[in-house]
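Values below: every heavy atom of this structure, side chains too, minus hydrogens, waters and symmetry copies. This chain uses plain numbering: 1 for the first residue, then up along the sequence.
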Amino acid sequence: MAELIGKILLSETSLKKEQLAKALAMQAEMTEHRKIGEILMDLGYVSEKEVQEALSEQYNLPFYDKLNQKKFDKELVSNLPIEFLKKHKILPLGSDNGSTTVAVADPLDITAYDAVVNILGRSCKRVICQSSVIEDGLSRYFYENENSTSQNITELDNNEEFANIALESGTEDLLDLANRAPVIKLVNTFFFQAVQSRASDIHIESYEQQVQVRFRIDGVLHNKYTLSKQYVAALVSRLKIMANLNIAERRLPQDGRCRIKIGEKEIDVRVSTVPNSGGERVVLRLLDRTSASIGLEELGFARETEKKFRSLIHKPHGIILLTGPTGSGKTTTLYGAMSALNTEKRNIMTVEDPIEYQLPGVGQMQVQPKIGLTFANSLRHILRQDPDVIMVGEIRDIDTARIAIQSALTGHLVLSTLHTNDSASAVTRLIDMGIEPYLVCSSVIGIMAQRLVRSICPDCKNAYVPNDEEKNIFSPAESDSEVYVLYKGMGCKECIETGYKGRSGIFELMLVDDQMKELIMNNSRSSLIKQAAVKKGMDTLYEDGIKKVIAGQTTIEEVLRVTQDDTI
């Protein structure tokens with residue numbers, strides 16, 4: 001059989017004979033038998049999908065690349081143990097013409113298939129699916145349905161122990177309650193629905209009479225659930241247990257982190273708790289580890305801006321600053337820049353607080369102020385590691401700024417962030433910190449301000465004719481270029497009736513040339529520096545946003561929301 005599937009892979013994929021021979025030799029040397037397809041996947045010679053398609057051809061079974069949720073019969077799954085289905089990667093889908101379709105990842109696992117057939121007690125037929133597709137289907141069955149949250153809450157309502165719990169429950173009682181099945185299921189449901197709806201944060205807010213659960217989706221908070229106040233102690237305790245926090249401490253803020261797995265996705269969760277007048281408030285930041293490999297071309301750059309930025313990050317030395325408020329995508333852009341620079345010829349080191357994503361081939365250092373490992377101290381040590389590129393998560397004080405500048409002046413490329421509203425203000429911020437203007441001129445080579453705007457949902461995108469007020473926002477040049485049709489989302493299930501799905505960046509890239517240096521040396525106001533940059537062809541955040549409106553990528557309202565008073 002191994003030779004047969006090997007032949008199929010040779011003919012249907014880019015697998016080479018010598019690669020197959022190597023895998024077969026490894027299989028022969030193994031003490032425990034492993035399938036040849038698994039070995040080839042581990043070596044990176046073929047993908048899981050290619051192996052599953054080959055199995056489909058070998059056993060003459062249909063291959064399903066994805067599952068149709070509309071035909072998914074949840075009653076079939078309710079009779080089977082979830083642990084068994086996950087372990088054997090098997091999932092009943094639905095019935096058609098008297099026969100039930102069962103998706104399997106391994107057609108050789110006949111024992112598991114026969115067990116499912118016997119439990120269902122009906123005629124079944126197999127189809128082959130990738131294990132990740134089956135995992136996703138199982139997760140959707142248990143957590144996606146909006147009613148599942150209501151069912152879990154109802155289950156808590158009907159539980160007399162919860163009904164009799166006071167907010168001042170002892171630690172032992174809370175520990176017991178936090179590990180009860182209804183609480184665990186409710187927390188898992190929140191996590192799954194947040195990941196499926198692309199939420200970046202979950203807010204659990206305790207008030208005097210109730211608990212409000214909100215998801216931040218595409219930068220905007222949405223109310224999801226309202227719970228009874230009696231559940232807050234058990235709910236918060238469960239989250240504290242997951243993050244290794246002290247469940248008995250309710251008077252002080254606490255921070256922790258944990259990792260969860262939703263199907264094939266690994267999600268890092270940062271947990272922050274603070275006491276307030278209504279009880280404890282919890283915010284969960286969700287970080288999808290698979291999104292760390294995002295490239296610069298996916299961030300939403302205009303073609304000319306991307307070209308200039310790529311040229312900038314390939315300079316041998318100097319400081320490049322990214323500016324904007326919290327949540328404007330600065331860290332994502334930094335990771336994109338490092339991914340573009342990350343080759344075996346460069347030594348890249350970072351100082352972060354916290355480390356949000358692990359980048360292979362990059363040395364990443366976590367700041368720990370409690371033991372004296374600050375940004376400034378970390379930078380001093382990194383300079384002894386012979387780096388080519390240094391990324392500093394944020395320049396917060398004059399010590400960090402001075403060392404970053406010294407690093408740039410001694411032949412290193414430094415990437416960092418500042419909290420300012422636009423690119424020109426970063427210059428005055430550094431000078432206000434105490435950095436001499438001549439050092440700013442000598443070290444800073446480029447500053448880029450950015451924001452995130454929501455993208456129009458492609459599933460409900462509609463054209464419309466702008467009114468006179470909307471036409472007035474365009475410049476005369478843009479008006480002459482026939483800005484007669486704009487786009488907006490009407491709202492659908494895919495975008496949670498918001499009209500927006502996903503986000504894209506708008507950018508304002510200022511290159512520090514000789515004219516800019518002269519203005520900086522003369523301690524010019526940021527408005528004058530910005531005016532000079534615009535005259536040289538720099539698009540402001542507002543102008544870059546309007547170009548995205550004309551291109552049908554976002555709306556006027558969204559650009560105005562994030563740029564506000566972006567005037568010169």
Side-chain angles (χ1 to χ4, degrees), residues 196-200 215-222 288 291 294-310 322 324-325 327-330 332-333 336 421-423 448-509 534 537-568:
Q196 290 297 313
S197 58
R198 302 170 287 104
S200 60
F215 292 174
R216 186 178 293 279
I217 302 170
D218 294 333
V220 178
L221 281 169
H222 298 267
D288 185 354
S291 64
I294 191 167
L296 291 177
E297 63 279 357
E298 301 171 60
L299 299 178
F301 281 109
R303 184 179 301 176
E304 190 61 29
T305 305
E306 182 182 346
K307 183 180 177 181
K308 289 179 181 178
F309 187 68
R310 284 187 182 276
L322 301 183
S328 58
K330 300 187 299 296
T332 303
T333 304
N421 288 329
D422 60 11
S423 53
M448 185 168 72
Q450 67 177 83
R451 299 288 189 278
L452 291 175
V453 293
R454 292 182 290 175
S455 301
I456 299 172
C457 174
D459 295 293
C460 60
K461 184 176 181 178
N462 252 354
Y464 74 98
V465 178
N467 56 37
D468 292 338
E469 184 179 350
E470 290 173 319
K471 286 180 181 179
N472 287 337
I473 72 167
F474 299 106
S475 68
E478 289 163 344
S479 298
D480 292 341
S481 62
E482 298 186 353
V483 184
Y484 298 125
V485 178
L486 297 179
Y487 296 87
K488 62 182 177 182
M490 304 306 293
C492 65
K493 183 180 179 182
E494 292 297 319
C495 61
I496 326 173
E497 304 299 331
T498 62
Y500 299 98
K501 186 176 181 182
R503 289 190 290 177
S504 179
I506 56 175
F507 303 91
E508 175 183 289
L509 178 58
V534 169
M538 180 187 80
D539 283 337
T540 65
L541 289 167
Y542 176 78
E543 289 167 345
D544 193 37
I546 291 301
K547 287 182 178 180
K548 278 186 163 52
V549 172
I550 295 170
Q553 298 173 19
T554 189
T555 63
I556 295 172
E557 295 80 10
E558 188 64 10
V559 171
L560 293 175
R561 180 181 71 85
V562 301
T563 58
Q564 297 179 349
D565 297 326
D566 182 36
T567 56
I568 300 171

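Of all non-hydrogen atoms in Lys330 and Pro325, the two that sit nearest each other are NZ-O, 3.0 Å. The two residues Gly499 and Cys460 make their nearest non-hydrogen contact at CA-SG, 4.2 Å. Of all non-hydrogen atoms in Cys492 and Asp459, the two that sit nearest each other are SG-CB, 4.0 Å. Of all the heavy atoms in Leu452 and Gly327, the pair that sits closest is CD1-O, 3.7 Å.
Taking CD1 from Ile556 and CD1 from Ile550, the interatomic distance works out to 9.0 Å, rounded to the nearest 0.5 Å. Atom OG in Ser197 sits 4.0 Å away from atom CD1 in Ile217 (nearest 0.5 Å). With values rounded to the nearest 0.5 angstrom, Lys501 atom NZ is found 9.5 Å from Ile496 atom CD1. Taken from SG in Cys495 to OH in Tyr500, the straight-line distance is 10.0 Å, to the nearest 0.5 Å. If you take CG on Leu509 and CG on Leu541, they are separated by 11.0 Å, rounding to the nearest 0.5 Å. Distance check: Arg454 CZ to Arg503 CZ gives 9.5 Å after rounding to the nearest 0.5 Å.
The backbone N or O of Ile506 sits nowhere less than 3.5 Å from a side-chain atom of Asp544 that would complete a donor-acceptor pair. Here the side chain of Lys547 pairs no donor or acceptor atom with the backbone of Tyr542 at under 3.5 angstrom. Judged by distance alone, the side chain of Lys548 and the main-chain N or O of Val559 form no donor-acceptor pair under 3.5 Å. Judged by distance alone, with hydrogens and angles left aside, the side-chain atoms of Lys461 form no donor-acceptor pair with the main-chain N or O of Gln553 at under 3.5 Å. Within the 3.5 Å criterion, the main-chain N or O of Arg303 finds no donor-acceptor partner in the side chain of Glu306. Listed for the Thr554 side chain is no donor-acceptor partner under 3.5 Å among the backbone atoms of Val549.
Glu304 is linked by a side-chain hydrogen bond (donor to acceptor under 3.5 Å, both in side chains) to nothing, counting only residues two or more places apart in sequence or in another chain. The side-chain hydrogen bond (donor to acceptor under 3.5 Å, both in side chains) search around Arg198 returns Asp218, not counting sequence neighbours.
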Exercise for the section: Output, in order, the C-alpha distance, side-chain angles, deciding distance and verdict of side-chain hydrogen bond (donor to acceptor under 3.5 Å, both in side chains) for Gln450 and Thr333. Expected result: CA-CA 9 Å; Gln450 67 177 83; Thr333 304; 2.8 Å; yes
Exercise for the section: Determine, stepwise, if the pair Tyr464 / Tyr487 fulfils ring pair (Phe, Tyr, Trp, His ring centres under 6.0 Å). Expected result: CA-CA 6 Å; Tyr464 74 98; Tyr487 296 87; 8.1 Å; no
Exercise for the section: For the pair Thr555 and Leu486, evaluate side chain to side chain contact (heavy atoms under 4.5 Å, CB included) and give the outcome as yes or no after the intermediate values. Expected result: CA-CA 8 Å; Thr555 63; Leu486 297 179; over 6 Å; no
Practice task
Start with the C-alpha gap between Phe507 and Leu299, add the side-chain angles, then the distance that decides, and say whether side chain to side chain contact (heavy atoms under 4.5 Å, CB included) holds.
Solution key: CA-CA 10 Å; Phe507 303 91; Leu299 299 178; 4.2 Å; yes
Exercise for the section: Begin from the C-alpha positions of Glu508 and Met538 and carry the test side chain to side chain contact (heavy atoms under 4.5 Å, CB included) through to its verdict. Expected result: CA-CA 7 Å; Glu508 175 183 289; Met538 180 187 80; 3.7 Å; yes
Problem - Thr498 vs His222, side chain to side chain contact (heavy atoms under 4.5 Å, CB included): CA-CA, chis, key distance, verdict - result: CA-CA 10 Å; Thr498 62; His222 298 267; 3.4 Å; yes
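Using a 4.0 Å cut-off between charged nitrogen and carboxylate oxygen, Arg310 and Glu297 count as a salt-bridge pair. Here Arg561 does not pair with Glu557 in a salt bridge; the nearest charged N to carboxylate O distance is not below 4.0 Å.
Side-chain contact between Leu296 and Phe301 is present, with at least one heavy-atom pair separated by less than 4.5 Å.
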